[in-house]
K.L.:
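Got a structure for you, written out below as structure tokens; questions coming shortly.
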Amino acid sequence: MYEKKMPLPLECGLAMTKEILGGKWKPNLLLAISIGINRPSQLHREIPQSTKRVLNLQLKELEEFEMIEKKIYHQLPPKVEYRLTERGETLMPILRQMNEWGDNNRSFIKSVILKRSKALD
């Protein structure tokens, strides 16, 4: 298992937030769950470029930080749903603002990404 070489600065609020939101799909997962996309198969359809394994790992990490909770329905076929906790709800204004900022700057960011990918070719 991967182990970080540098200790996490526990006195830094930004480092704490990045510890929770760091991960390729965690912000996307939280936003999706907040709008009612709460089953694993729905989440995978919402984020098709991800793998089920990575989504499951990141869902588990969000659950450990108590941003989401997992409800297992004991039935056949088995059913699992995720929902935001109260603590998870407190992140939503930040994530919505980040989403809005990305939408407002989409054309510029897209041009930089395309320029960078051409430079790598």
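Numbers for residues simply follow the sequence, beginning at 1. Please read all numbers here as calculations on a predicted model, not as lab measurements.
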K.L.:
Could you check if a side-chain atom of Leu29 sits within less than 4.5 angstrom of a side-chain atom of Ile68, using non-hydrogen atoms only?
P.N.:
no

K.L.:
Flag the pair Gln42 / Asn38 as yes when at least one side-chain heavy-atom distance between them is below 4.5 Å, and no otherwise.
P.N.:
yes

K.L.:
Name the one of Leu43, Thr51, Val54, Leu57 that satisfies side chain to side chain contact (heavy atoms under 4.5 Å, CB included) with Trp25?
P.N.:
Val54

K.L.:
Within the structure provided, determine whether Ile35 and Leu31 are in side-chain contact (heavy-atom separation under 4.5 Å).
P.N.:
no

K.L.:
Going by heavy atoms in the side chains, are Met92 and Glu89 under 4.5 Å from each other?
P.N.:
yes

K.L.:
Calculate, to the nearest 0.5 Å, the distance between atoms CG and OG belonging to Leu30 and Ser34 respectively.
P.N.:
8.0 Å

K.L.:
Quick test of your reading: applying salt bridge (Lys or Arg N to Asp or Glu O under 4.0 Å), list the pairs with at least one residue in residues 27-52, sequence neighbours left out, ordered by first then second residue.
P.N.:
none

K.L.:
Nearest 0.5 Å, what's the CG-NZ distance between Leu62 and Lys70?
P.N.:
12.5 Å

K.L.:
Just wondering, are more than 12 heavy atoms of other shown residues or ligands nearer than 6.0 Å to CE in Met16?
P.N.:
yes

K.L.:
I'd like to check Lys18 versus Cys12 (side-chain heavy atoms, cut-off strictly below 4.5 Å). Are they in contact?
P.N.:
no

K.L.:
With a 3.5 Å cut-off and sequence neighbours excluded, list the donor-acceptor pairs that the side chains of residues 76-85 form with protein atoms.
P.N.:
residue: Glu81; atom: OE1; partner: Tyr73; partner atom: OH; Å: 3.2
residue: Arg83; atom: NE; partner: Glu69; partner atom: OE2; Å: 2.8
residue: Arg83; atom: NH2; partner: Glu69; partner atom: OE2; Å: 3.1
residue: Thr85; atom: OG1; partner: Glu66; partner atom: O; Å: 2.5
residue: Thr85; atom: OG1; partner: Met67; partner atom: O; Å: 3.2
residue: Thr85; atom: OG1; partner: Arg87; partner atom: N; Å: 3.4
residue: Thr85; atom: OG1; partner: Gly88; partner atom: N; Å: 3.1

K.L.:
Contact between Ile47 and Gln49 at the side-chain level, heavy atoms closer than 4.5 Å - yes or no?
P.N.:
yes

